[in-house]
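Along the sequence shown, residues are numbered consecutively beginning with 1. Remember, it's a predicted structure, so these values are computed and weren't measured experimentally.
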Amino acid sequence: MTPLSQSWPDAFSARYRDRGYWRGETFPAMLRDRAAAYPDRIAITDGGLRWSYAELNDRARRFGAGLLALGLRPGDRVLVQMGNIPAFFPAVFGIFAAGMIPVYALPAHRRTEVAHLAETSEAAAIVTQGRIGGFDHAGLGLSLAVAHVIVAGDTPEGAIPMETVAGDPATLPADPDPQSVAFLQISGGSTGLPKLIPRTHDDYIYSLRESAAICGLDRESVFMATLPVAHNFTMSSPGTFGALYAGARVVLCPSPRPDVAFPLIRREGVTITGLVPPLALLWLDAAEREAPGLSSLRIVQVGGAKFLPESARRVEPLLGCRLQQVFGMAEGLVNYTRLDDPDVVVTGTQGRPISQDDEILILDDAGNLVPDGMPGNLLTRGPYTIRAYHAAPSANARSFTEDGFYRTGDIVIRRPSGHLVVQGRANDQINRSGEKISAEDVEDLLLGHPDVFDAVVVSIPDSRLGERACAFIRPKGAPPRPADIRRYMRGREVAAFKIPDEIRFVHEFATTAVGKISRRQLRDMLRDEVLAEEKRKREAMPR
Ligand code: OOB
């Protein structure tokens, strides 16, 4: 097994410890301590079932011991693909308690992505659920090359029902080293399939403890997970883990639709939740039609993709609570607008970093610092930003500078107050409703189609999705139908969000005088063509 590590140079580690960021806390100890401090308070609910902190801790520990009884060993990697169901928490905290490493897949991931994650993490087991939104995840689990497939709920033949994975907590190992890797998150990335992000107990707990403080979470708070629980935003900004850290209650929302989410907020007295911009728009439109009466709600966070000021200004009047913008990344750095920031800052910026020790560099393409107010490439390093991906030497060489700064790929402007305004991406990543799509990954898939000679995928600004993907395809002969291309992609078992929203066929792609053009230039040219065409259409519309 390839060893896992994440380490900072000694001088940095010493500083982060001296300043009280890294306190030697670990996830197994965190849940145990909360269960001891307030055993009877509700930790997790889906609106029906309610687990207290003591019950969640017991379930997690028994499940962790059950993993050991199956023959898994501390250090083993366990893939987790679950939706917003209570079982996610005993699963993940059980894996922690057993000294094993959760690897988080998203519910939208299909065979291509999940098999890639299982393979690169060398997963020994997967914990999943029967179905999410009609898709057979247990079946997907069984098709993978992992030794154990554990399923919450309806369990097909050949898989292990989660409730039967139970052992004696006395067999659990001692708490892990706080500096060791706690889990593997996944990167959005701009090239190929997701990379694995090793986060340590110390660094991640710092980020969620501080996030909980910034959002004013305490034991009376009620955090609702509206977005997928396995995403970094929902997990730690402050997310479900930040809520558990604070001793608050976590409510799991099975669907982000207003007709499901609003009644749950009212019933459970939810005080804070997080959304991506397209969902925020959906909620705002629903609230405009009918006053939602969300009197308990104090904060709606919006992040994952750019939230435009026009929309941001609608949040407080329509939802009756404070807006908080969140600009973060699974690699580390998270920025928040603060609850007491002036309104223009809350609606017009994506926040400022969590930590005094988050170092921010904004550089032009030649690597020179740009002055405040000018757009540039955002680089960062700090007490909870990784220094390397897992087992990815060439990605690491591209994504990190020699002195350990992470190249985020985001173009931002810094205000003199330190608040950042996101302008876009430097590389070819499409941010579709907060789902990150690598243009290269989709082009690779399209090139596998027998009728496709070449393909170029570009992001187009979209009023509903933020950005949508448009594929330009040069066919080998007669162009196939767009529906054939879509069917082909589904057949390749990739996440549905990767299937281009728009497919156009072209005879050839532009070249320069010497007959060559970089894919980057080609994407820019094709995007400009679409934008010019949309502009012509808008202008031709009768007023
Ligand atoms: C969050 O994490 P990831 O890893 O899925 O995606 C990170 C990327 C950023 O590099 C940026 O390109 C984009 O998502 N992004 C935003 C944004 N928040 C994230 N772009 C514009 N405005 C924003 N507010 O998406 C994530 C992780 C933790 C907290 C929140 C979001």
Using every non-hydrogen atom in the two residues, find where [X] and [Y] come nearest and quote the distance to one decimal.
X: Ala388; Y: Gln6; answer: O-NE2, 2.9 Å
X: Arg387; Y: Ser7; answer: CG-O, 3.6 Å
X: Pro28; Y: Pro176; answer: CG-CD, 3.7 Å
X: Cys321; Y: Leu297; answer: CB-O, 3.3 Å
X: Ala65; Y: Asp168; answer: CB-O, 3.4 Å
X: Pro173; Y: Leu68; answer: CD-CD1, 4.1 Å

Answer yes or no: are there more than 12 heavy-atom neighbours, outside [X] itself, under 6.0 Å from its atom [atom1]?
X: Asp10; atom1: CG; result: no
X: Arg298; atom1: CZ; result: no
X: Glu119; atom1: CD; result: no

Do the side chains of [Y] and [X] get nearer than 4.5 Å, heavy atoms only?
X: Val302; Y: Gln324; value: no
X: Ser211; Y: Ile354; value: yes
X: Asp441; Y: Leu193; value: yes
X: Ile411; Y: Asn377; value: yes
X: Arg110; Y: Phe135; value: yes
X: Leu31; Y: Leu56; value: yes

I'd like to know if the side chain of [X] pairs up with that of [Y] as donor and acceptor (distance under 3.5 Å, no hydrogens or angles considered).
X: His137; Y: Gln81; value: yes
X: His201; Y: Asp177; value: no
X: Thr200; Y: Asp202; value: no
X: Thr271; Y: Ser296; value: no
X: Tyr245; Y: Glu25; value: yes

Separation of [Y] [atom2] from [X] [atom1] (nearest 0.5 Å):
X: Ile299; Y: Leu339; atom1: CD1; atom2: CG; answer: 4.5 Å
X: Met82; Y: Thr128; atom1: CE; atom2: OG1; answer: 7.0 Å
X: Leu363; Y: Phe405; atom1: CG; atom2: CZ; answer: 8.5 Å
X: Asp76; Y: Met100; atom1: CG; atom2: CE; answer: 5.5 Å
X: Ile362; Y: Ile360; atom1: CD1; atom2: CD1; answer: 7.0 Å
X: Ile150; Y: Leu70; atom1: CD1; atom2: CG; answer: 5.5 Å

* Taking the inter-plane angle between the rings of Phe88 and Tyr104 on a 0 to 90° scale, is it parallel (under 30°), tilted (30 to 60°) or perpendicular (over 60°)? ->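 Because their plane-to-plane angle lies in the 30° to 60° range, the rings of Phe88 and Tyr104 count as tilted.
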
* Can you label the angle between the Phe96 ring and the Phe183 ring as parallel, tilted or perpendicular, going by 30° and 60°? =>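 Geometry flag for Phe183 against Phe96: tilted rings.
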
Looking at [Y] and [X], is any side-chain nitrogen of the basic one under 4.0 Å from a carboxylate oxygen of the acidic one?
X: Glu331; Y: Arg407; value: no
X: Lys498; Y: Glu435; value: no
X: Glu268; Y: Arg249; value: yes
X: Asp203; Y: Arg199; value: yes

[X] ring center near [Y] ring center (under 6.0 Å):
X: Tyr16; Y: Tyr384; value: no
X: Phe262; Y: Trp283; value: yes
X: Phe223; Y: Phe241; value: no

Show the atom names and distances, to 0.1 Å, of all donor-acceptor pairs under 3.5 Å that link a side chain in residues 229-236 to residues at least two apart or in another chain.
{"from": "His231", "atom 1": "ND1", "to": "Phe233", "atom 2": "N", "distance (Å)": "3.0"}
{"from": "Asn232", "atom 1": "OD1", "to": "Tyr204", "atom 2": "OH", "distance (Å)": "2.7"}
{"from": "Thr234", "atom 1": "OG1", "to": "Pro228", "atom 2": "O", "distance (Å)": "2.9"}
{"from": "Ser236", "atom 1": "OG", "to": "Tyr204", "atom 2": "OH", "distance (Å)": "3.0"}
{"from": "Ser236", "atom 1": "OG", "to": "Asn232", "atom 2": "O", "distance (Å)": "3.1"}

Just distance, no hydrogens or angles: give the donor-acceptor pairs under 3.5 Å from side chains in residues 151-167, sequence neighbours left out.
{"from": "Thr155", "atom 1": "OG1", "to": "Gly153", "atom 2": "O", "distance (Å)": "2.8"}
{"from": "Thr164", "atom 1": "OG1", "to": "Pro161", "atom 2": "O", "distance (Å)": "2.7"}

* Asked: Going through the checks in order, is the side chain to side chain donor-acceptor pair (under 3.5 Å) test met by Tyr206 and Ser355?
  -> CA-CA 10 Å; Tyr206 167 52; Ser355 178; 3.0 Å; yes

* To do: List the steps and the verdict of side chain to side chain donor-acceptor pair (under 3.5 Å) for Thr273 and Thr226.
  => CA-CA 7 Å; Thr273 191; Thr226 309; 2.6 Å; yes

